[in-house]
Amino acid sequence: MCGTVTAGDEGQRLTVAGWVNHRRDHGGLTFIDLRDHTGVVQLVFNPATSPAAHEIAERCRLEWVLKVDGLVGRRPPGSENPNLPTGEVELTVEGCEVLGQAEAMPMGVSDELAADERVRLQYRYLDLRRPRMQRNLRARHRFIKSLRDVADELGFIEIETPTMIPSTPEGARDFIVPSRMWPGHVWALPQSPQIYKQLCMVGGLDRYFQIARCWRDEDLRADRQFEFTQLDLEMSFVEEDEVFLVLEEMISRAFATAFDIPVSTPWPRLPFSEAMRRFGSDKPDTRFGHELEDVSDIFRASSFRVFRGALDQGGSVQALRVQAGAELTRGELEGEWLQVARTYGAVGLAYMWRRSGVYEGAIAKFLSEEEQEALTARLGLQDGDCVCFTAGRTQVAQTSLGAVRLHAARRFGWIPPKRFDFLWVTEFPLFEADPATGRIGSVHHPFTQPHPDDWDLVRTEPTAVRSRSYDIVCNGVELGSGSLRITNPAQQALIFEALGLSAEEAQRKFGFLMSAFRYGPPPHGGFAAGVDRMVMLGVGESTIREVIAFPKTQSGADPMTGSPTPVAPEQLAEVGLRLAKVLERGGTDHDGREG
RNA sequence: GGCCCCGUGGUGUAGCUGGCCUAACACGCCACCCUGUCAAGGUGGAGAUCGGCGGUUCGAAUCCGCUCGGGGUCGCCA
């Protein structure tokens, strides 16, 4: 291979094949850097050695595919290249064959040559030649292989579950697949193998796992594609500790094997309520401190109307010390920073600077001496600091200031490099109320066990019920979630009731699972972890598109294949469907037609 | 559905307080020169009307509106 030729091969006759990465034509002597995924090696074409090969070297262009054979030799003294692993040697070409020609490239292939992501995706097959993509996808392979190896070692077996399953209205929007044999009926692509893996437990396959492809028809993000890969697993006869142990083992070992990143275990466990209180997030970035502080008690009797008003309405006041934040300008705080807080629903972002022992800023004059002193003591504020506040409904105040905390961390460089802080976030609420309708829904899914102490609250105060669900979070990224499941029909009925599902509805939607649980279900629990996100973290990328060979754009399209494509009426007719109206989408690139 | 950023030759950028832009630079491409380079070098050349449409103006890549496309994000993602 190109990148593996070393001084040890001196005197050897070798054949290598690869792409022309670079060409330096001196008229007579011509150098070509030949590249494959292992690296590059310098080829020397000397008209005196082989006129035929040299003629090809003169003619060939970037990204042509060559096969050459020649003699490995040490480079002349002084002409070694210390920046290259193969820099001590070169291959003097004796024979050369052109295996493939390339037209002028629409984009550069080296990592240094930036290209618009749209162009990269349109020519993804060229983009994949980049060392960065090669590295990412090969690391992804090693990671998945390692997960499988460890799972196998721990007694798990990989079971394939169907990709055409019944559609359920719960959760994310389904991708649906019309059925030809059943006109007017549809299949759905799984959002996860949830139900099937639980049925595996009933089936006595006590340790199931799967590297599972999942689909969710929702808007795309940096860390979300509508087609993604999960490490999905389920275990019988376990409680939290066993599940945690297995995942810590699998993931820490796979990180070490695939990315050479040591991950110590066990991981800290942080209850949801504590995560919200300290970090203003259910996926806290714990690589740095600078935690939120609830300062409601200080302002309980304040004359500052903004704080007092929030407290009187049952909300809270949250504070964040921004160390060395005195350098922040009013424009910055009232522009960018306020925008961050507003995005998460905060009405405003209050702030003060501390300089020469006094507080400055618009709100300082509204705070009493006592309040200021209490703040100074509570937050440890010093000269040169800034302090930011949010006030209002506690959850909004926490999440918006939590977002400000992350913004501040980037602005002031609080985040230490090369750290991977894994943790469990536990005891998520079992239910949440839709703020618009007041309807109760499951936070995780309806089969999640309530915390054993909270059964009584299911009827009386459902939103206060904690669940036996848990997330893995690393560096502020949610990597996956899981729970212990309900297997007792009476308990399950109580949950459905709290969700406002009638017995008939529950039977219709989940009947087969409920039926299964009538025949000796083992207690079980499991987890699903996002493979794309884990690999993203492991290779240091900031979007999962960089670790997926052929991803979609944010608008859910593929510029390379020009898909999705308009459906042909004949295709629809075959499955018994007809369009109500052809909706055209896209401009220059889609030649869809109004119909 | 909302908010924010971006769209100039094949690629990446500059220009964008309107007229010296008949659009500049680098890489790539084409031709020629060059036997030790490695972001090789030299000489010459082709290539964009500035995403699209509309408007303001005597005049727009530069201002405004709409639209298409890319990215980030809130909602959404059991």
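First the proteins, then the strands, lettered A, B, ... as listed; each starts at 1.
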Quiz item: Okay, side chain of A:R411, backbone of A:L406: is any donor-acceptor separation there less than 3.5 Å?
Solution: no

Exercise. With C1' as the reference atom in both, quote the distance from B:rC58 to B:rC53 in angstrom, rounded to an integer.
Key: 23 Å

Practice problem: Would you mind reading off the distance between A:M536 atom CE and B:rG72 atom P, rounded to a whole angstrom? | Solution: 11 Å

Practice problem: Write down the partner of B:rC25 under the Watson-Crick or G-U wobble criteria, each distance required to be under 3.5 Å. | Solution: B:rG12

Quiz item: Under 4.0 angstrom, heavy atoms only, what part of the nucleic acid is A:T30 near: base, sugar-phosphate, or nothing?
Solution: nothing

Quiz prompt | Nucleotide nearest A:L29 when distance is taken to its side chain, options B:rU35, B:rC29, B:rU73 | solution = B:rU35

Quiz item: Given the side-chain rings of A:Y208 and A:Y196, with only the six-membered ring counted for Trp, is the space between their centroids under 6.0 Å?
Solution: no

Quiz item: Counting side-chain heavy atoms from CB outward, which of B:rG70, B:rC74, B:rG36 is closest to A:E117?
Solution: B:rG70

Quiz item: How far, in whole Å, is B:rC64 from B:rC21 if one measures between their P atoms?
Solution: 24 Å

Self-check item: A:Q134 side chain to A:R132 backbone, donor-acceptor under 3.5 Å
Solution: no

Quiz prompt | P-based separation of B:rU73 from B:rU67 [nearest Å] | solution = 23 Å

Exercise. Go through B:rU37, B:rG71, B:rG12 for me and flag the one nearest to the A:D116 side chain.
Key: B:rG12

Quiz prompt | Closest listed nucleotide, where the reference is the side chain of A:N81 and the choices are B:rU73, B:rG12, B:rA39 | solution = B:rA39

Quiz item: Under a 4.0 Å heavy-atom cut-off, which of residues 34-56 of chain A touch RNA chain B?
Solution: A:Q42, A:N46

Quiz item: Starting at CZ of A:R24 and ending at P of B:rG42, how long is that distance when rounded to a whole Å?
Solution: 16 Å

Quiz item: If you pin A:Q339 and A:L84 to their nearest nucleotides in RNA chain B, which one's is more 5'?
Solution: A:Q339

Quiz prompt | Paired nucleotide for B:rA39 [Watson-Crick or G-U wobble; both distances under 3.5 Å] | solution = none

Exercise. Starting from P on B:rU73, measure out to OH on A:Y344 and report it in whole angstrom.
Key: 8 Å

Quiz prompt | Candidates B:rC76, B:rC38, B:rC29 - which lies nearest the side chain of A:S79 | solution = B:rC38

Quiz prompt | Side-chain donor/acceptor contact of A:R120 with base of B:rG70 under 3.5 Å | solution = no

Quiz item: Quick one: is B:rG70 close enough that its OP1 or OP2 comes under 4.0 Å of any side-chain N or O from A:S555?
Solution: yes

Quiz item: Is A:F226 touching bases, backbone alone, or none of the nucleic acid, heavy atoms closer than 4.0 Å?
Solution: nothing

Quiz item: For B:rG69, what is the paired nucleotide under Watson-Crick or G-U wobble rules, both distances under 3.5 Å?
Solution: B:rC6

Practice problem: Sticking with atom C1', work out how far B:rG19 lies from B:rC30, rounded to a whole angstrom. | Solution: 35 Å

Quiz item: Within the structure, does a side-chain N or O atom of A:R23 lie under 4.0 Å from either OP1 or OP2 of B:rG41?
Solution: no

Exercise. Pick the C1' atom in B:rA48 and in B:rU43, then give their distance to the nearest Å.
Key: 25 Å

Self-check item: Distance, C1' atom - from B:rU22 to B:rA26, rounded to whole angstrom
Solution: 23 Å

Quiz item: What's the closest nucleotide to the A:R75 side chain, out of B:rC34, B:rC76, B:rU37?
Solution: B:rU37

Quiz item: Atom CD1 of A:I544 and atom C1' of B:rC77: how far apart are they, to the nearest Å?
Solution: 12 Å

Quiz prompt | Minimum-distance nucleotide (side-chain atoms of A:R173 versus B:rG12, B:rG36, B:rC76) | solution = B:rC76

Practice problem: Would you mind classifying the nucleic acid contact of A:E80 as base, sugar-phosphate or nothing, using non-hydrogen atoms under 4.0 angstrom? | Solution: base

Exercise. Would you mind checking if A:E55 and A:R59 are paired as a salt bridge, meaning a charged N to carboxylate O distance below 4.0 Å?
Key: yes

Quiz item: Do any N or O atoms from the side chain of A:D532 and from the backbone of A:F228 form a donor-acceptor pair under 3.5 angstrom?
Solution: no

Quiz item: Donor-acceptor pair under 3.5 Å: do we get one between A:D219's side chain and the base of B:rG75?
Solution: yes

Quiz prompt | Length of the line joining A:L220:CG and B:rC77:P, which is rounded to integer Å | solution = 15 Å

Quiz item: Within the structure shown, what part of the strands sits under 4.0 Å from A:Q194 by heavy-atom distance: base, sugar-phosphate, or nothing?
Solution: base

Quiz item: Salt-bridged, A:D33 to A:R24, with N to O below 4.0 Å?
Solution: yes

Self-check item: Among B:rC76, B:rU37, B:rG36, the one nearest A:P76 by side-chain distance
Solution: B:rG36

Exercise. Let me know the distance between CG of A:N83 and C1' of B:rU37, rounded to the nearest Å.
Key: 14 Å

Quiz item: B:rC6 and B:rA14: how far apart are their C1' atoms, nearest whole angstrom?
Solution: 16 Å

Quiz item: For the base of B:rC76, is there a side-chain donor-acceptor partner from A:R224 under 3.5 Å away?
Solution: yes

Exercise. Would you indicate, yes or no, if B:rG70 has its OP1 or OP2 atom less than 4.0 angstrom from a side-chain nitrogen or oxygen of A:T553?
Key: yes

Quiz item: Strictly under 6.0 Å, is that where the ring centroids of A:W424 and A:F527 end up?
Solution: yes

Quiz item: What nucleic acid atoms does A:E90 come within less than 4.0 Å of, heavy atoms only: base, sugar-phosphate, or nothing?
Solution: base

Quiz prompt | Stepwise side-chain hydrogen bond (donor to acceptor under 3.5 Å, both in side chains) test for A:S563 and A:T565 | solution = CA-CA 5 Å; A:S563 52; A:T565 55; over 6 Å; no

Quiz item: Roughly, in whole Å, what's the span from CE in A:M560 to P in B:rG70?
Solution: 15 Å

Quiz item: Would the A:Y470 and A:F428 ring centres measure less than 6.0 Å apart?
Solution: no

Quiz item: Using atom C1' of each nucleotide, how far apart are B:rA60 and B:rG65 to the nearest Å?
Solution: 15 Å

Quiz item: When you measure from the side chain of A:H26, which nucleotide among B:rU11, B:rC74, B:rU35 comes out closest?
Solution: B:rU35

Quiz prompt | A:R118, nearest nucleotide to its side chain (from B:rG69, B:rU37, B:rG72) | solution = B:rG69

Quiz prompt | Carboxylate-amine/guanidinium contact A:E90 A:R74, below 4.0 Å | solution = no

Quiz item: Rounded to whole angstrom units, what separation is found between the CG atom of A:L62 and the C1' atom of B:rC38?
Solution: 14 Å

Quiz item: According to a strict under-4.0 Å criterion, is A:Q554 in side-chain N/O contact with OP1 or OP2 of B:rG72?
Solution: yes

Self-check item: Any donor-acceptor N/O pair, A:E80 side chain to A:G87 backbone, under 3.5 Å
Solution: no

